[in-house]
Amino acid sequence: MTHRIPVIVWQTPTGTFTATTLDGPRASAVDVTPVDALAQLKAYLVWLFRQHEGEPADLREPELRDYKIRVRPEYRTTNDSVFPVGETVQIHVTAVLGKRRDGSGVCIFPTLGHRFTYQPTDPLNELINDAVAQSLGRCTPQELVLRLAPPQISLSAIHLQDRRSRSNDEEFAPPVLTRVADRLGQRNRWLRSPRGIGREPLVRSLADRLTTGRASLLILGESGVGKSTVITEAALLLRRDLKRDSESPPPVLWQTSARRLIAGMMYLGQWQERVEQVIAALGNNAAVLCVENLLDLVRTGNEQPAASVAAFLIPYLERGELRLVAEVTPRELDACRRLLPGLADLFEVVRVPDFSPTEARTVLEQMLITGSRQYHLEAEAGLAELIQRLFRRFVPYATFPGRVAQFTRRMLHERRSVGATHVNTADVLAQFRHDTGLPNVLLRDDIPLPQGEVLNHFQSQILGQPAACQAAAHVVTMVKTGLNDPRRPLGVLLFCGPTGVGKTEMAKALARYLFGDRDAHERLVRLDMSEYSGFGAAERLVSSSNGEVSEFIRKMRRQPFAVVLFDEIEKAAPEVHDALLGLLDEGRLTDRFGRTTNFQSAVVILTSNVGSDRATGVGFDSSAPASLEKIVLSEFRPEFVNRLDAIVSFVALDTETISRLAERELESVAKREGLAKMGLKLTWTADVVAHLARVGCDLRYGARPLQRAVERQVVAVVAEWRLEHPQVADSQIVLELRNGAVVVRPVFRRM
């Protein structure tokens with residue numbers, strides 16, 4: 001028996017959508033789109049009917065009607081005093097009118113949470129006026145604004161099969177399974193999962209193997225190739241087969257993860273007991289367990305793979321008491337073979353191949369058509385080609401369709417959430433710019449970017465280091481023109497020179513140029529390599545003490561578009577240099593578990609103090625002094641040096657540069673909040689600049705003594721003067737040099 005539950009969906013003032021039943025079981029759901037809100041509501045109603053708690057609906061022929069009602073708002077004080085507004089206010093309300101089986105009528109105000117029943121002979125308009133006045137008569141004007149008719153409201157319906165007369169495809173689910181796994185193939189999960197576009201033959205083949213065979217299966221493919229989608233689509237296909245053939249039903253698929261299997265198990269033997277119960281429940285129901293990652297089974301349950309969950313499952317897999325479907329990448333499979341020999345041999349391999357560029361274009365076009373239809377948008381022609389070009393150029397390592405599909409869905413959802421009806425090239429570029437942080441000038445080929453303009457920008461940021469500015473500008477122009485090697489990081493630079501001459505500041509300037517001032521701090525990932533000099537340093541670089549990935553790796557996976565700064569690389573242990581060879585060459589960093597982190601969207605900068613007394617030079621050509629190259633080669637192994645794009649020598653700062661830096665430091669002080677909020681304009685004489693350059697110049701420490709000198713001789717003096725003259729505002733204060741010390745002289749405005 002199928003029940004039809006009438007539902008109304010409307011948009012709230014916050015932009016989300018609420019789906020509410022109009023009759024039958026009272027339930028509501030809120031989500032960012034109408035489709036998702038309806039899916040969430042239906043999932044709850046399905047569960048409710050399974051618990052024998054859902055009541056059939058009696059509302060027939062519902063229809064929407066708008067009414068204009070006059071109400072009188074009122075204000076209320078904390079002591080319950082009431083102050084009615086002098087004039088009534090006309091508001092628009094939306095009502096749902098319907099009939100019951102006994103002939104009576106029903107009027108429902110979904111946004112007001114009010115309803116009443118009436119007879120055909122009753123004065124409906126008067127009843128509606130009284131009902132609205134009763135609901136809104138004591139509202140303040142501000143509260144009335146929230147009760148206005150929503151911008152979008154529509155009727156819908158949810159159809160449910162009565163689970164109290166359960167069909168053959170709804171086997172009883174043991175509680176031990178529902179606690180640790182989700183059944184694949186449920187309709188509400190299908191609504192949220194991506195469709196297996198372009199994988200139809202593979203999905204059919206997998207469904208047939210699950211039906212006719214008894215072997216456990218490994219779904220092998222690169223991360224993002226669509227392994228989970230193939231399994232989900234096969235489960236949906238098996239569900240449809242189950243409805244057609246109830247005499248020899250196909251297996252039911254339950255999806256879980258290694259962590260979820262043993263969640264909450266603290267004591268010795270506890271998780272093993274639970275896993276045995278899960279295996280028994282699966283066997284009794286002829287079900288298959290699907291695991292999101294085979295390697296996680298090897299890493300979970302014990303620090304030693306031989307005592308892990310995977311090792312515990314091996315006897316059951318060998319005897320055929322457990323049938324497992326597990327996802328794995330090629331590198332993870334190699335790690336499994338190394339860590340737990342014999343495990344992978346218990347599976348048959350189902351390969352999920354990569355899409356060719358032509359196939360990927362076709363699949364992406366179909367994604368845009370399907371997604372645009374779902375979000376009620378019109379997509380401009382050529383978007384698939386643009387998306388594919390952006391990802392091929394800036395995210396070449398992203399396996400299709402993983403990130404591309406996520407990007408496309410996110411873009412369509414964003415357009416719909418702002419009420420748009422079209423999606424075009426500008427929307428694609430805006431979403432890609434939001435996700436990557438890259439500026440428009442790098443994403444769009446039609447915007448010119450002269451080399452001289454980039455060089456001038458860096459020279460205005462970093463003083464006295466022309467070679468370094470040239471190297472940074474070269475990285476930017478290579479990215480702009482798309483001539484960088486897509487199989488390597490965007491740039492790999494070694495900055496050599498004494499401390500305090502701008503090596504770290506150049507990395508910051510590059511991050512600011514690529515990602516903007518607002519995001520530069522988050523996009524600069526800095527590691528002090530002196531912390532990776534002891535035993536096990538390479539392992540600590542990629543993993544934490546509990547076996548999970550390190551904070552460094554988490555940052556890079558969360559946002560691969562970054563500037564990565566390995567500070568004082570010569571202090572790192574040799575094993576760290578070996579671990580970085582793959583990162584510098586192929587843009588990949590892999591741990592012992594086969595987990596790979598990609599750096600092909602990052603600019604990698606290494607700093608070192610070697611060659612600090614040498615002249616300027618860049619790279620390995622004639623412009624680079626041979627002595628610097630020899631020093632670098634004596635400090636680092638040849639295979640490490642050969643992976644560098646350029647060696648940049650930073651020179652010691654001269655007097656003129658120190659003076660310009662002093663001027664810049666003073667300009668920074670003049671912009672500080674303590675002066676700006678009081679309207680105080682800070683100026684200084686040339687003697688002050690010369691004095692700071694003189695006392696702040698140290699060949700051993702570069703510009704860092706200058707910063708300390710400004711704080712000590714300027715900021716401290718200005719702060720002391722401000723404390724003594726707190727009433728002075730909207731004036732000019734001048735820094736002067738008297739008897740070798742900086743003093744403050746106010747210049748008051750004449751009235």
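- Between Met678 and Asp730 the shortest side-chain heavy-atom distance does not fall below 4.5 Å.
- Atom CZ of Phe640 is separated from atom CG of Asp578 by 9.5 Å, given to the nearest 0.5 angstrom.
- Heavy-atom neighbours of His474 NE2 from other residues, nucleotides or ligands within 6.0 Å: at or below the threshold of 12.
- Side-chain contact between Val564 and Ile605 is absent, with no heavy-atom pair separated by less than 4.5 Å.
- Note that CG of Leu666 and CG of Leu692 are 5.5 Å apart. Values are rounded to the nearest 0.5 Å.
- With hydrogens and angles ignored, the 3.5 Å screen pairs no side-chain donor or acceptor of Ser543 with any backbone N or O of Arg540.
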For Arg722 and Glu724, what are the C-alpha separation, side-chain angles and deciding distance, and is it a salt bridge (charged side-chain N to carboxylate O under 4.0 Å, His left out)? CA-CA 5 Å; Arg722 284 283 295 116; Glu724 295 175 353; over 6 Å; no
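- Both cation-pi conditions hold for Arg523 and Phe515: the charged atom is under 6.0 angstrom from the six-membered ring centre and inside a 45 degree cone around its axis.
- Few gaps surround CG on Asp446; more than 12 heavy atoms of other groups in view lie less than 6.0 Å from it.
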Stepwise side-chain hydrogen bond (donor to acceptor under 3.5 Å, both in side chains) test for Gln431 and Asp435: CA-CA 6 Å; Gln431 187 65 46; Asp435 291 354; 3.2 Å; yes
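- Between Leu581 and Glu639, some side-chain heavy-atom pair lies under the 4.5 Å cut-off.
- Remark: the Thr16 side chain and the Gln11 side chain contain no N/O donor-acceptor pair separated by less than 3.5 Å.
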Quick one: do Thr425 and Glu380 satisfy side-chain hydrogen bond (donor to acceptor under 3.5 Å, both in side chains)? Show the steps, please. CA-CA 7 Å; Thr425 298; Glu380 182 182 275; 2.7 Å; yes
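- Sparse packing is recorded around CZ of Arg487, with 12 or fewer heavy atoms of other residues, nucleotides or ligands lying under 6.0 Å away.
- Between Phe599 and Phe552, the ring planes are tilted. Angles from 30° to 60° get that label.
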With side-chain contact (heavy atoms from CB on, under 4.5 Å) as the test, would you mind laying out the steps for Leu527 and Leu541 before giving the verdict? CA-CA 9 Å; Leu527 281 77; Leu541 181 67; 3.5 Å; yes
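- For the residue pair Trp684 and Glu663, a side-chain donor N or O sits within less than 3.5 Å of a side-chain acceptor on the partner.
- The six-membered or imidazole ring of Phe561 lies away from that of Phe394, with a centre-to-centre distance of 6.0 Å or more.
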Apply side-chain contact (heavy atoms from CB on, under 4.5 Å) to Thr685 and Leu735, showing your working. CA-CA 6 Å; Thr685 64; Leu735 300 178; over 6 Å; no
Residues Asp445, Lys480; criterion salt bridge (charged side-chain N to carboxylate O under 4.0 Å, His left out); working and verdict: CA-CA 8 Å; Asp445 293 334; Lys480 166 65 177 177; 5.2 Å; no
Run the numbers on Arg526 and Thr504 for side-chain contact (heavy atoms from CB on, under 4.5 Å), then give the verdict. CA-CA 9 Å; Arg526 181 179 178 181; Thr504 301; 3.6 Å; yes
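- The CZ atom of Arg392 sits 12.5 Å away from the CD1 atom of Ile387 when rounded to the nearest 0.5 Å.
- Using cut-offs of 30° and 60° for the angle between ring planes, the Phe650 and Phe495 rings count as tilted.
- Without hydrogens or angle criteria, Asp427 side chain to Asn424 main chain gives a donor-acceptor distance under 3.5 Å.
- In this structure a side-chain-to-backbone donor-acceptor pair under 3.5 Å is present from Arg554 to Val549.
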Take Val32 and Phe17 through the test side-chain contact (heavy atoms from CB on, under 4.5 Å) and record every step on the way to the result. CA-CA 6 Å; Val32 294; Phe17 288 86; over 6 Å; no
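- Atom-to-atom distance recorded for Leu438:CG and Tyr513:OH is 11.5 Å, nearest 0.5 angstrom.
- Between the side chain of Thr657 and the backbone N or O of Leu653 there is no donor-acceptor pair closer than 3.5 Å.
- Atom CD of Glu548 has more than 12 heavy atoms from other residues, nucleotides or ligands within 6.0 Å.
- Although no hydrogens or angles enter the test, the distance criterion places a donor-acceptor pair under 3.5 Å between the side chain of Asn642 and the main chain of Pro638.
- In this structure the side chain of Leu644 reaches within 4.5 angstrom of the side chain of Leu606, judged on heavy atoms.
- Glu673 CD: 12 or fewer foreign heavy atoms inside a 6.0 Å radius.
- Using a 3.5 Å distance cut-off with no hydrogens or angles, the side chains of His434 and Glu414 do not pair a donor with an acceptor.
- The closest side-chain heavy-atom distance from Leu680 to Ser731 is below 4.5 Å.
- Around atom CD of Glu551, more than 12 heavy atoms belonging to other residues, nucleotides or ligands sit under 6.0 Å away.
- Proximity of Thr597 to Leu583: side-chain heavy atoms (C-beta onward) are nowhere separated by under 4.5 Å.
- Proximity of a side-chain donor or acceptor of Gln465 to a complementary backbone N or O of Val651 within less than 3.5 Å is detected.
- The NE2 atom of His457 sits 10.5 Å away from atom CG of Leu449, with the distance rounded to the nearest 0.5 Å.
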For Ser550 and Ser544, what are the C-alpha separation, side-chain angles and deciding distance, and is it a side-chain hydrogen bond (donor to acceptor under 3.5 Å, both in side chains)? CA-CA 5 Å; Ser550 64; Ser544 59; over 6 Å; no
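- Shown here for Val743 and Val717, the closest heavy-atom pair between the two residues is CA-CG1, 4.4 Å.
- Glu570 and Ser608 are linked by a side-chain donor-acceptor pair at a separation below 3.5 angstrom, with hydrogens and angles left out of the test.
- Summarising the geometry of Ser530 relative to Ser533, their closest heavy-atom pair is O-OG, 3.1 Å, with the distance given to 0.1 Å.
- Looking only at distances, a side-chain donor or acceptor of Arg488 sits under 3.5 Å from a matching main-chain atom of Arg643.
- Inter-residue side-chain proximity for Leu565 and Val604 is flagged as unmet; no heavy-atom pair is nearer than 4.5 Å.
- Shown here is Gln451, whose CD atom has more than 12 heavy atoms of other residues, nucleotides or ligands within 6.0 Å.
- The closest donor-acceptor contact from the side chain of His577 to the backbone of Ile569 lies under 3.5 Å.
- In this structure, the separation between NE2 on His413 and OG1 on Thr408 is 14.5 Å, given to the nearest 0.5 Å.
- Contact check for Gln461 versus Arg512: side-chain heavy atoms found under the 4.5 Å cut-off.
- Judged purely by atom type and a 3.5 angstrom limit, His725 uses its side chain to pair as donor or acceptor with the backbone of Trp721.
- A side-chain donor-acceptor contact under 3.5 Å links Arg433 and Asn440.
- Look at Arg708 and Glu711 and you find no salt bridge, because none of the NZ, NE, NH1 or NH2 atoms lies under 4.0 Å from a carboxylate O.
- The backbone N or O of Gly497 sits less than 3.5 Å from a side-chain atom of Lys503, completing a donor-acceptor pair.
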